[in-house]
Amino acid sequence: QVQLVESGGGLVQAGGSLRLSCASSGRTFSDYAMAWFRQSPGKEREFVATINWSGGSTYYADFVEGRFTISRDDAKSTLYLQMNNLKPEDTAVYYCAGGSSWLGGDKVSQYDHWGQGTRVTVSS
């Protein structure tokens with residue numbers, strides 16, 4: 001079955017950077033869109049960024065404001081999220097999501113597979 005395993009979370013000061021990784025197994029990684037979502041305590045899971053099957057198209061939530069970059073390495077079956085200029089409001093558990101087709105989207109329902117999440121804490 002499909003497995004997604006995130007890593008790279010941690011504690012960072014405001015203005016700092018982190019790079020999240022998501023290792024995929026169980027299907028042909030390059031055939032599917034991928035995405036990152038996040039969830040803070042008491043809030044619903046929200047969309048962060050998505051990348052299509054080829055990596056040629058990306059889309060970000062408005063709050064990213066150019067600070068994050070989603071990318072993929074199909075040879076390694078790995079998805080990345082480079083996060084720069086982190087803010088305390090970016091504190092959340094970040095989840096990797098695997099799409100059901102080559103085209104991504106910004107809705108939880110568009111993704112069939114989820115990782116266990118990696119926690120990001122940004123201190124002020």
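These values consider heavy atoms only, across backbone and side chains, with no hydrogens, waters or symmetry-generated copies.
Here Y60 and F47 keep their ring centres 6.0 angstrom or further from each other. Between F37 and W114, the distance separating the two ring centers is shorter than 6.0 angstrom.
With no hydrogens or angles considered, no side-chain donor-acceptor pair links T78 and D73 at under 3.5 Å. For the residue pair S24 / Y32, no side-chain donor-acceptor distance below 3.5 Å is found, with atom types taken as modelled.
Remark: the backbone N or O of D112 is not paired with any side-chain donor or acceptor of S100 at under 3.5 angstrom. Of the possible polar contacts, one joining the T118 side chain to the G9 backbone as a donor-acceptor pair under 3.5 Å is found.
Rounding to the nearest 0.5 Å gives a distance of 11.5 Å between CG of N84 and CZ of R19. Note that CG of L81 and SG of C22 are 10.5 Å apart. Values are rounded to the nearest 0.5 Å. In this structure, CZ on R27 lies 4.5 Å from NE2 on H113, to the nearest 0.5 angstrom. Summarising the geometry, atom OG belonging to S30 is positioned 8.0 Å from atom CH2 belonging to W53; distances are rounded to the nearest 0.5 Å.
Counting non-hydrogen atoms of other residues, nucleotides and ligands closer than 6.0 Å to CD of Q13 gives a total of 12 or fewer. Summarising the local packing, NZ of K87 is surrounded by more than 12 heavy atoms from other residues, nucleotides or ligands at distances under 6.0 Å.
Between W36 and L20, the closest side-chain pair of non-hydrogen atoms falls below 4.5 Å. Counting heavy atoms from C-beta on, the side chains of L4 and M34 come closer than 4.5 Å. Between Q82 and R67 the shortest side-chain heavy-atom distance does not fall below 4.5 Å.
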Check: Going through the checks in order, is the salt bridge (charged side-chain N to carboxylate O under 4.0 Å, His left out) test met by R72 and D74?
Finding: CA-CA 6 Å; R72 62 191 298 157; D74 289 346; 2.9 Å; yes

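Note on F29 and Y111: separate hydrophobic clusters, where clusters join Ile, Leu, Val, Met, Phe, Trp and Tyr whose side-chain heavy atoms are under 4.5 Å apart, directly or indirectly. A chain of hydrophobic side-chain contacts below 4.5 Å, direct or via other Ile, Leu, Val, Met, Phe, Trp or Tyr residues, connects V64 to I51.
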